[in-house]
Every structure is written in C-alpha cells, then in structure tokens.
Amino acid sequence: MSRSLLRSVLELRTPITRLPPTFLLPIRARSLSTTTATHDAGPAVPPTATPTQTAVPPIASFAAPAPTLSPPSPTPQAPTQTQTPTTTPTPTTITPDSIAHLFPLLRAQPAHYITVHIHGQPYLVTQGDRVRLPFLMHGVVPGDVLRLDRASVLGSRDYTLLGSPHVDGALFECRATVLGVDSEPMRVKVKTKRRNRRARRVYSKHKFTVLRISELKLLGPPAATATTTAVAA
C-alpha cells in the first residue's frame with residue numbers, strides 16, 4: 001500500500017511530459033505535438049565531409065579566338081547525264097505511191113495479224129486461230145468458206161497498216177472456214193412477283209457459230225488505193 005502511494009506522489013511532483021499516442025489525439029493536437037518534438041530536438045550537427053567527396057576546382061575561362069573568314073572551297077560537281085529523248089512512232093498519212101513503196105516491207109515479214117470486223121464486232125486473229133462468234137450465223141453450214149474483206153488493222157512484228165476507218169480489201173485476202181455450231185448448257189431462270197405465289201420458269205440455250213481462220217495473205221498494192229495510215233514499230 002505504501003509503495004502505491006509513493007508512486008502516485010512522485011507522479012504528481014514531476015510534470016507530465018509523456019503524451020498519449022498521436023493516433024488517439026485530434027488533428028490539431030497532432031500538429032502541436034509534432035512542433036514541440038521539433039523544438040525539443042537538439043541543434044543540428046552539420047554533416048562532415050566524407051573522404052569520398054572532393055572539392056571541384058573552378059574551371060578557368062579561356063577566351064575563344066576570333067573566327068577567321070576563308071573563301072569557300074569549290075565543291076566538285078557531279079557529271080551531268082545527258083538523256084536522249086525517246087522517239088515514239090507517230091502515224092503519218094501516206095499516199096498510194098508511198099504505200100507501193102512500204103507495203104512490200106510489210107509483206108516480207110514472216111507472220112501477220114489482222115483485225116477483222118464481223119457484224120460490227122472486231123476480232124484480232126492470225127492464221128490458224130479459232131473464233132467462237134457470240135451469235136448464230138444463219139445461212140451457213142459446216143464446211144463453208146467465208147471471205148472476210150472488212151478489216152481495220154493489218155500488221156506484223158515491225159510494221160502496222162491502219163485503215164481510216166478500214167483497210168482496202170484489195171491489199172489482203174482473209175478466209176474463214178465454218179467448223180460448226182456450238183451450244184451452251186440449258187439455263188433455267190425462275191421469275192416471280194411480289195405477293196404472288198405463281199413462279200414462271202424460262203429456259204434458254206444459246207447457240208454459237210465457230211470459225212477457223214484458214215488463210216491470211218497479203219496481196220500487192222493496186223494502182224489506186226484509199227487513203228490509209230502507216231506506223232513503223
């Protein structure tokens with residue numbers, strides 16, 4: 001009993017310097033306790049320089065020399081490449097006399113091609129080609145030979161003869177042999193209408209005439225021909 005009384009007397013004599021934990025104090029008390037602890041701390045001891053830290057000597061400033069102007073050295077220029085203009089063959093209108101001079105050069109070529117017109121449609125063919133016309137030609141039977149005398153272009157590897165609009169039929173001879181009639185498979189199309197259950201079926205099976213270019217040769221120029229255009233490839 002005496003020990004507890006003595007302890008209480010000692011606590012009353014000494015000032016209360018120990019405060020409760022900060023999490024139990026209000027926000028204002030927390031800031032006051034922090035300030036008090038900062039003022040109670042002893043004087044700050046300046047940090048001593050560690051042996052690894054060395055003083056950096058000041059850098060002396062040197063005046064830069066004034067720049068001197070020198071004449072620019074001539075730069076070597078690359079050699080200029082001269083481009084040769086490319087010439088494209090331009091069609092030239094020639095007279096019948098010049099056709100008589102140039103047509104033998106076209107005829108001397110080994111192979112020729114021709115653009116013939118059949119019922120207004122152009123076909124680029126050579127000798128031995130097989131042509132399937134997009135229609136049925138009436139009045140012909142297999143084995144018949146047709147002479148195609150309407151063409152717009154007649155040429156070879158190095159020379160081309162353009163008609164305006166067609167080449168004279170006396171300059172060439174082109175013949176085609178009728179091989180037969182070709183037909184496509186039956187096509188069925190179902191036609192319907194809105195809000196109508198009726199369905200109508202349309203059957204179609206088109207037939208085509210097949211030709212073979214059996215002959216293509218160039219003849220000599222006649223004495224008088226129409227105006228044409230020649231191009232040298």
Discussion item. Please tell me whether V167 and L146 are part of a single hydrophobic cluster in this structure, the criterion being side-chain heavy atoms less than 4.5 Å apart.
Written reply: yes
Worksheet item: Should we count CZ of R147 as having more than 12 external heavy atoms under 6.0 Å?
Response: yes
Discussion item. A side-chain contact here means heavy atoms from C-beta on lying under 4.5 Å apart; do I213 and L148 qualify?
Written reply: yes
Item to complete: Starting from the C-alpha separation in whole Å, work towards a yes-or-no answer on side-chain contact (heavy atoms from CB on, under 4.5 Å) for R175 and E173.
Response: CA-CA 7 Å; R175 299 182 184 274; E173 184 175 350; 2.6 Å; yes
Response to the item:
Output for pair (L106 CG, F172 CZ), nearest 0.5 Å, gives 12.0 Å
Worksheet item: Applying the 4.5 Å side-chain criterion to the ILVMFWY set and letting contacts propagate, would L133 and V181 be lumped into a single cluster?
Response: no
Discussion item. I need the L105 CG to D158 CG distance, nearest 0.5 Å.
Written reply: 10.0 Å
Worksheet, complete the sentence: Taking every heavy atom of V190 against every heavy atom of A199, the minimum-distance pair comes out as CG1-CB, 4.0 Å
Worksheet item: How many angstroms lie between atom CG of L179 and atom CG of D144, to the nearest 0.5 angstrom?
Response: 11.5 Å
Discussion item. Test your reading of the model: is there a side-chain donor-acceptor pair from S156 to the backbone of Q109, 3.5 Å cut-off?
Written reply: no
Worksheet item: CG/D129 to CG/L211 distance, rounded to the nearest 0.5 angstrom?
Response: 11.5 Å
Worksheet, complete the sentence: NE2 of H119 to CZ of R150, rounded to nearest 0.5 Å, is 10.5 Å
Discussion item. Looking at every heavy atom in both K207 and S183, which two are closest together, and how far apart are they?
Written reply: CG-CB, 4.0 Å
Worksheet item: Step by step, would you call V178 with V141 a side-chain contact (heavy atoms from CB on, under 4.5 Å)?
Response: CA-CA 7 Å; V178 180; V141 294; over 6 Å; no
Fill in: Hphob cluster co-occupancy, M137 + V210, side-chain heavy atoms under 4.5 angstrom
no
Practice prompt. Group every Ile, Leu, Val, Met, Phe, Trp and Tyr by side-chain heavy-atom contacts under 4.5 Å, then state whether F135 and V125 land in the same group.
Written response: yes
Discussion item. Would a single hydrophobic cluster contain both V131 and L136, if residues Ile, Leu, Val, Met, Phe, Trp and Tyr are joined by side-chain heavy-atom contacts under 4.5 Å?
Written reply: no
Response to the item:
OG1 of T126 to CG of L216, rounded to nearest 0.5 Å, is 8.0 Å
Fill in: Non-hydrogen atoms of Y123 and P134 that approach each other most closely
OH-CD, 3.2 Å
Item to complete: Verify side-chain contact (heavy atoms from CB on, under 4.5 Å) between S152 and H117, making sure each step is shown before the conclusion.
Response: CA-CA 8 Å; S152 58; H117 291 255; 3.1 Å; yes
Item to complete: Quick one: closest heavy-atom pair of F103 and L154, and the distance?
Response: CE1-CD2, 4.5 Å
Worksheet entry | Linked hydrophobic residues, M186 as query - side chain contacts closer than 4.5 Å | V188, Y203
Fill in: side-chain contact (heavy atoms from CB on, under 4.5 Å) between L102 and L161, intermediate numbers included
CA-CA 10 Å; L102 297 175; L161 183 64; over 6 Å; no
